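Heads up, the thing below is written out as structure tokens.
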There are 2 protein chains.
Amino acid sequence: MNLAVKEKKKTAEVRRRGSGAQRVYEELKRDILCLDLKPSDLLDESALSQKFGMSRSPVREALIRLSMEGLVVTLPNKSTLVAPLGLEEFQSYLDALDLVQRVTTRLAARLRTQADLKAIIAREKEYKKARAVGNVSDMIESNLKFHMAISNAARNKYLDFLHARLLDDGRRMLHLYFRSFGDAVPESTEHDHDLIVKAIRNQDEDLAESHAHDHVMGVGKQFLGYLGAYQLTDFKLSV
Amino acid sequence: MNLAVKEKKKTAEVRRRGSGAQRVYEELKRDILCLDLKPSDLLDESALSQKFGMSRSPVREALIRLSMEGLVVTLPNKSTLVAPLGLEEFQSYLDALDLVQRVTTRLAARLRTQADLKAIIAREKEYKKARAVGNVSDMIESNLKFHMAISNAARNKYLDFLHARLLDDGRRMLHLYFRSFGDAVPESTEHDHDLIVKAIRNQDEDLAESHAHDHVMGVGKQFLGYLGAYQLTDFKLSV
DNA sequence: CAGCTTGATTTTGTCGACAAACTGAATACA
DNA sequence: TGTATTCAGTTTGTCGACAAAATCAAGCTG
């Protein structure tokens, strides 16, 4: 009895070897992407190692990985901080995202298997459910999964990687964007998703690409409008 | 006298703080990309730290960064090895590279400044010189710089990053490819480059994109032919 | 009073050590 | 003979400590 309890406690305390850096990495990444850690926030290694209850080595490893993803910026011998949001480059971002999503959606329409389709539809339903409940974080999460499910169906490792990078990069902007609506997120996104799914199901490449393009442009346009209003509220665009 | 020598020696020995990991990172990356370190080669942290004359920490940092770039693969608690060359996915790679180069070349034709043009032409000349001398490494280096100069002119940070990633990923294949010719690399590459530069100079977007496409397809086709012959020679395609 | 220097404090980069996880060979057993 | 097990030897993941570099305040000089 006592022994069993002790052992359980031990497995809870003593993390498995190698999980330390991984945990810090995932947790920090999550916090950064959902804006719990704000752009330009300072990340102190000692403070973090204390917070996570481990030495600086795994924390350091996590920060290095995050810096390679562009989510934190490391000033040598000085400090590392959460990467500033480069909203000045939003137009460039949209261009790149449009390009990649158009081609992945087209390829998905061409190559999708039945299993791919099933996965995509499942993500779509998750999104609808999250929106119905009004859970912004879940909406963003399932929205990303929806689009990644599409690029998975495109069967191109390189495009898939690029797509994932772009979606991660845009995640923080998406949080700003969705929050701007409060609890009443427009249903245009769902409508777009429906059209894309239908085109992929029917394997209509041209239509799929076209809907993907419209989707990106629609979201981008709304966000740009939002940005215009946001800038008036004295938001620090760059640091 | 003796003191001066001693001091100089000291500055040579004692690297500047922060340069350690950077040096290992750059050197390993260079060796991996030019195939001095062969795919699936084992990278031992202790051995590397001994070779570079420093502790394991900076070596470890370098390996983490390389793993985030996909140049090494880390098997947790086991070992890390040079990333295997995924030649099975060469077709996917070509598709992605074609996409990115077409759009960056098009944008470059649209947005290039005089300075951009100058930089691009300078890289082109470097390439010609390297080919004339028959220096394969320099050819690859300047070829990459040539294409990066174009995507720099496209003024899109995201596309530029994706492009750089793809070119790095393809660098090792390019080494195989160029080496297959021995000292007599075909001049089709130069011709392609000439056409691209002309189109960019004339700001003819359609032509620029078209030439970029032809260039990628041409190199891809030749490489695929080479691969066919290579596979016959019992090369381990994947590991 | 402005600007530079000095010195104390903080934070990072590097080091050496240790324990956990894996490897592989030698041994025991069916 | 073939399979499982134990026990060494590596190699990695994590730790605590220290020195270099930056930060910042106080003091000095003109």
Side-chain angles (χ1 to χ4, degrees), chain A residues 6-29 32 37 40-69 71-83 239, chain B residues 6-29 32 37 40-69 71-83 239:
Chain A
K6 229 177 182 176
E7 279 217 352
K8 192 171 183 186
K9 205 176 176 191
K10 213 173 181 183
T11 53
E13 281 173 1
V14 179
R15 344 170 259 297
R16 266 222 298 300
R17 187 184 163 76
S19 71
Q22 186 66 18
R23 193 166 76 84
V24 177
Y25 167 75
E26 285 169 1
E27 206 151 320
L28 282 182
K29 183 167 178 175
I32 291 173
L37 285 170
S40 301
D41 265 6
L42 229 81
L43 294 175
D44 184 55
E45 291 180 5
S46 327
L48 287 174
S49 65
Q50 216 169 338
K51 172 182 168 187
F52 284 100
M54 55 183 79
S55 102
R56 275 177 50 218
S57 302
V59 171
R60 193 154 230 278
E61 170 167 346
L63 290 179
I64 294 168
R65 282 159 70 175
L66 290 170
S67 84
M68 289 304 286
E69 288 187 305
L71 295 179
V72 307
V73 175
T74 309
L75 311 175
N77 280 322
K78 255 190 250 177
S79 60
T80 110
L81 38 83
V82 178
V239 181
Chain B
K6 230 178 183 175
E7 280 217 350
K8 190 170 183 187
K9 207 175 175 189
K10 211 173 183 185
T11 53
E13 283 173 1
V14 179
R15 337 167 268 296
R16 264 221 299 298
R17 186 185 163 78
S19 71
Q22 185 67 17
R23 193 167 75 85
V24 177
Y25 167 74
E26 285 169 2
E27 206 151 321
L28 281 182
K29 182 168 180 176
I32 291 173
L37 285 170
S40 303
D41 265 7
L42 229 81
L43 295 175
D44 184 56
E45 290 180 7
S46 328
L48 287 175
S49 65
Q50 217 169 338
K51 171 181 169 187
F52 285 100
M54 55 184 79
S55 102
R56 275 177 51 216
S57 302
V59 171
R60 192 152 230 278
E61 170 167 345
L63 290 180
I64 293 168
R65 282 159 70 175
L66 290 171
S67 84
M68 290 302 288
E69 288 187 304
L71 295 179
V72 307
V73 175
T74 308
L75 312 175
N77 280 321
K78 257 190 250 177
S79 60
T80 110
L81 39 83
V82 178
V239 181

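If you're wondering where the values come from, they're calculated on a predicted model, not measured in any experiment. Within every chain, numbering begins at 1; the chains are lettered A, B, ... in the order of the sequence lines, protein sequences first and strands thereafter.
- Rounded to whole Å, the distance from CG on Leu48(B) to P on dC15(C) is 14 Å.
- Residue Glu45(B) contributes atom CD, which lies 17 Å from atom P of dA17(C) at whole-angstrom precision.
- Remark: P of dT11(D) and CG of Leu42(B) are 9 Å apart, rounded to the nearest angstrom.
- Nucleic acid contact class of Ser49(A) (heavy atoms, under 4.0 Å, all strands): none.
- Val24(B) and Val59(B) make their closest contact through CG1-CA, 4.3 Å (heavy atoms, listed as atom of the first residue, atom of the second, distance).
- Residue Arg16(B) contributes atom CZ, which lies 15 Å from atom P of dA20(D) at whole-angstrom precision.
- The CG-C1' distance, from Asn77(B) to dG9(D), rounds to 16 Å in whole Å.
- Within the structure, every side-chain polar atom (N or O) of Ser57(B) is placed at least 4.0 Å from both OP1 and OP2 of dT14(C).
- If you check every strand for non-hydrogen atoms under 4.0 Å, Thr74(B) touches nothing.
- The interatomic distance linking Gln50(B) (CD) with dG16(C) (P) rounds to 11 Å, in whole Å.
- Straight-line distance from the CG atom of Asp44(B) to the P atom of dT23(C): 14 Å, rounded to whole Å.
- Between dC18(C) and Arg56(B), no contact under 4.0 Å exists linking OP1 or OP2 to a side-chain N or O.
- Among the heavy atoms of the strands lying under 4.0 Å from Leu43(A) are primed sugar atoms or P, OP1, OP2 only; no base atom is included.
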